[in-house]
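All remarks here apply to the structure that follows.
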Amino acid sequence: MTVLGTYLQAEDVLLGLNVSDKRQLFQAIGLHTERIGGLPTDAVASALMRRELTGSTALGLGVAIPHARVNILKRIRALHVRLVPGLDFDAPDHEPVSDAVVLLVPSPATGAHLEILAHAAALFSDSGFRAALQARHNPVEIRALFDDWAS
């Protein structure tokens, strides 16, 4: 199991999300976490937006890793979002983001979130992983890929 796979559940794989900007993306993530986990939409959306305002979380290659501390969160939570169409995210390569791994961590955060961020960045820098991810269209299959991938 990968580090990221530990925190990602199939119910938190959102495919085909169509939003027009980061604010709408973070609002949609907030709505999802409220529906699934009882976290207030505004707490999640505003935490993600505050973090994004300090600098883009886009890595390039169509990938972003939005992350934030959420005071009322009890455990680390990861989500995978596939955006259709891709979203302008101020990426260093100026390419739209089509895949986002969202990391929500309790506050105060431990060092575990830094390990997860580093792992996610390494995972998405692997072209084989990105290709395998794009070839999957089912949340359970995508969850399994995050779980089983060995670079």
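Residues Ile142 and Leu15 are in side-chain contact: their nearest non-hydrogen atoms beyond the backbone lie under 4.5 Å apart. A 4.5 Å side-chain heavy-atom check between Val84 and Ser98 finds every atom pair outside the cut-off. Contact annotation: the side chain of Pro66 approaches that of Phe26 to within less than 4.5 Å [non-hydrogen atoms, C-beta and beyond]. Counting only heavy atoms from C-beta outward, the side chains of Val70 and Pro106 never approach each other to under 4.5 Å. The side-chain heavy atoms of Leu79 and Val13, taken from C-beta on, include no pair separated by under 4.5 Å. A 4.5 Å side-chain heavy-atom check between Val44 and Leu104 finds at least one atom pair inside the cut-off. Residues Arg69 and His113 are in side-chain contact: their nearest non-hydrogen atoms beyond the backbone lie under 4.5 Å apart.
How far CG of Leu48 is from CG of Leu53: 11.0 Å, rounded to the nearest 0.5 Å. Residue Gln27 holds its CD atom at 6.0 Å from CG of Asp42, rounded to the nearest 0.5 Å. Taken to the nearest 0.5 Å, the CD atom of Gln24 stands 12.0 Å off from the CD1 atom of Ile29. Residue Arg82 holds its CZ atom at 10.0 Å from CZ of Arg136, rounded to the nearest 0.5 Å. In this structure, CD on Gln9 lies 15.0 Å from NE2 on His80, to the nearest 0.5 angstrom. Atoms CG and NZ, from Leu87 and Lys22 in turn, are 8.0 Å apart once rounded to the nearest 0.5 Å.
Of all heavy-atom pairs spanning Ala58 and Pro92, the tightest one is O-CD, 3.5 Å. Ile72 approaches Pro40 most closely through the heavy-atom pair CD1-CD, 3.0 Å. The minimum heavy-atom distance between Ala91 and Ser56, with the atom names listed, is N-OG, 4.5 Å. The two residues Leu61 and Phe124 have their closest heavy-atom pair at CD1-O, 4.4 Å. Across all their heavy atoms, Leu4 and Ala78 have their closest contact at CD1-CB, 4.0 Å.
Leu17 and Val97 fall within the same hydrophobic cluster, defined by Ile, Leu, Val, Met, Phe, Trp and Tyr side-chain heavy atoms under 4.5 Å apart, directly or through other members. Hydrophobic cluster membership is shared by Ile76 and Leu123, with clusters built from Ile, Leu, Val, Met, Phe, Trp and Tyr side chains linked at under 4.5 angstrom.
Checked against the 6.0 Å centroid threshold, Tyr7 and Phe146 do not count as a close aromatic pair.
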If you apply the rule side chain to side chain contact (heavy atoms under 4.5 Å, CB included), what do you find for Leu39 with Leu73, and how did you get there? CA-CA 7 Å; Leu39 293 172; Leu73 195 61; 3.4 Å; yes
Test salt bridge (Lys or Arg N to Asp or Glu O under 4.0 Å) on Arg130 and Asp126; report intermediate values, then the result. CA-CA 6 Å; Arg130 291 191 317 274; Asp126 183 333; over 6 Å; no
Steps toward side chain to side chain contact (heavy atoms under 4.5 Å, CB included) verdict (Val105, Leu103): CA-CA 6 Å; Val105 297; Leu103 185 61; 3.9 Å; yes
Hey, mind stepping through Leu83 and Asn18 against side chain to side chain contact (heavy atoms under 4.5 Å, CB included) and telling me if it holds? CA-CA 6 Å; Leu83 297 159; Asn18 184 345; over 6 Å; no
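Checked for salt-bridge contact, Asp12 and Arg77 meet the test: a charged N lies under 4.0 Å from a carboxylate O.
Looking only at distances, no side-chain donor or acceptor of Arg23 sits under 3.5 Å from a matching main-chain atom of Met49. Put simply, the side chain of His67 gets close to the backbone of Ile65: a donor and an acceptor are under 3.5 Å apart.
For the residue pair Thr57 / Glu52, a side-chain donor-acceptor distance below 3.5 Å is found, with atom types taken as modelled.
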